[in-house]
Chemist: 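This structure is in C-alpha cells; I'll ask about it shortly.
Keep in mind the model is a prediction, meaning the values are calculated, not measured. Computed from heavy atoms alone, side chains included, the values below leave out hydrogens, waters and symmetry copies. Positions are given from 1, in the same order as the sequence printed here.
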Amino acid sequence: MSVQEFIANKKMLDVEWRFSIATANSSKENYSDCFLQLKIKTIDKNMVEETTHFELTLAQFNELFTEIEKVKNLMSLIK
C-alpha cells in the first residue's frame, strides 16, 4: 500500500512513543545508539482497527519531525 492509499483509507486513532538509548549489544561493549519507537493505531473505512509499530533512528525522527512541522504550518493557514 502506498503512502497516498494509507492516508486516503485510514484514520489515526492513537499514537504512543518511547525514546530509548541502547547502551550495549552483543558485538560492541561500549555502544550508544538513540532511537524512537512508535505505535500507531488506525482505523479504516470498514471500521477495522490496526496497530503498526515503527522504530526510527534519531536522524529519521528529526526528518519526520520536520515534515510534521511543515504540515502543522500548512494546517494553520487553513483555519
Chemist: From Ile68 CD1 over to Met75 CE, what is the distance, rounded to the nearest 0.5 angstrom?
Modeler: 11.5 Å
Chemist: Can you confirm whether Glu55 is buried at CD, in the sense that more than 12 heavy atoms of other residues, nucleotides or ligands lie under 6.0 Å from that atom?
Modeler: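 Counting neighbours around CD of Glu55, more than 12 heavy atoms of other residues, nucleotides or ligands fall under 6.0 Å, so yes.
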Chemist: How long is the span from the NZ atom in Lys70 to the CZ atom in Phe65, to the nearest 0.5 Å?
Modeler: 12.5 Å
Chemist: Is there a path of hydrophobic side-chain contacts, each under 4.5 Å between heavy atoms, that joins Leu58 and Leu38?
Modeler: yes
Chemist: Minimum heavy-atom separation for Leu56 and Gln60, please, with both atom names.
Modeler: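 Taking every non-hydrogen atom into account, CA-OE1, 3.3 Å.
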Chemist: Please report the interatomic distance CZ(Arg18) to CD(Gln37), rounded to the nearest 0.5 Å.
Modeler: 4.0 Å
Chemist: Closer than 4.0 angstrom, basic N to acidic O: yes or no for Lys41 and Glu49?
Modeler: yes
Chemist: Test of understanding: clusters of I, L, V, M, F, W, Y form through side-chain heavy atoms closer than 4.5 Å, transitively. Do Leu64 and Met12 belong to the same one?
Modeler: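 Yes, one cluster joins them.
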Chemist: Please round to the nearest 0.5 Å and tell me the distance separating atom CZ of Phe61 and atom CG of Leu36.
Modeler: 5.5 Å
Chemist: Start with the C-alpha gap between Lys45 and Asn9, add the side-chain angles, then the distance that decides, and say whether side-chain contact (heavy atoms from CB on, under 4.5 Å) holds.
Modeler: CA-CA 6 Å; Lys45 293 179 180 180; Asn9 295 315; 3.7 Å; yes
Chemist: To the nearest 0.5 Å, what is the distance between CD1 (Ile43) and CG (Asp14)?
Modeler: 12.5 Å
Chemist: Can you tell me how far apart OG1 (Thr51) and CD (Glu16) are? Round to the nearest 0.5 Å.
Modeler: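 Reported value, rounded in 0.5 Å steps: 8.5 Å.
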Chemist: Look at the side-chain heavy atoms of Ile, Leu, Val, Met, Phe, Trp and Tyr, link any pair under 4.5 Å apart, and say whether Val48 and Ile40 land in one connected group.
Modeler: no
Chemist: Any side-chain heavy atom of Thr57 sitting closer than 4.5 Å to one from Phe35?
Modeler: no
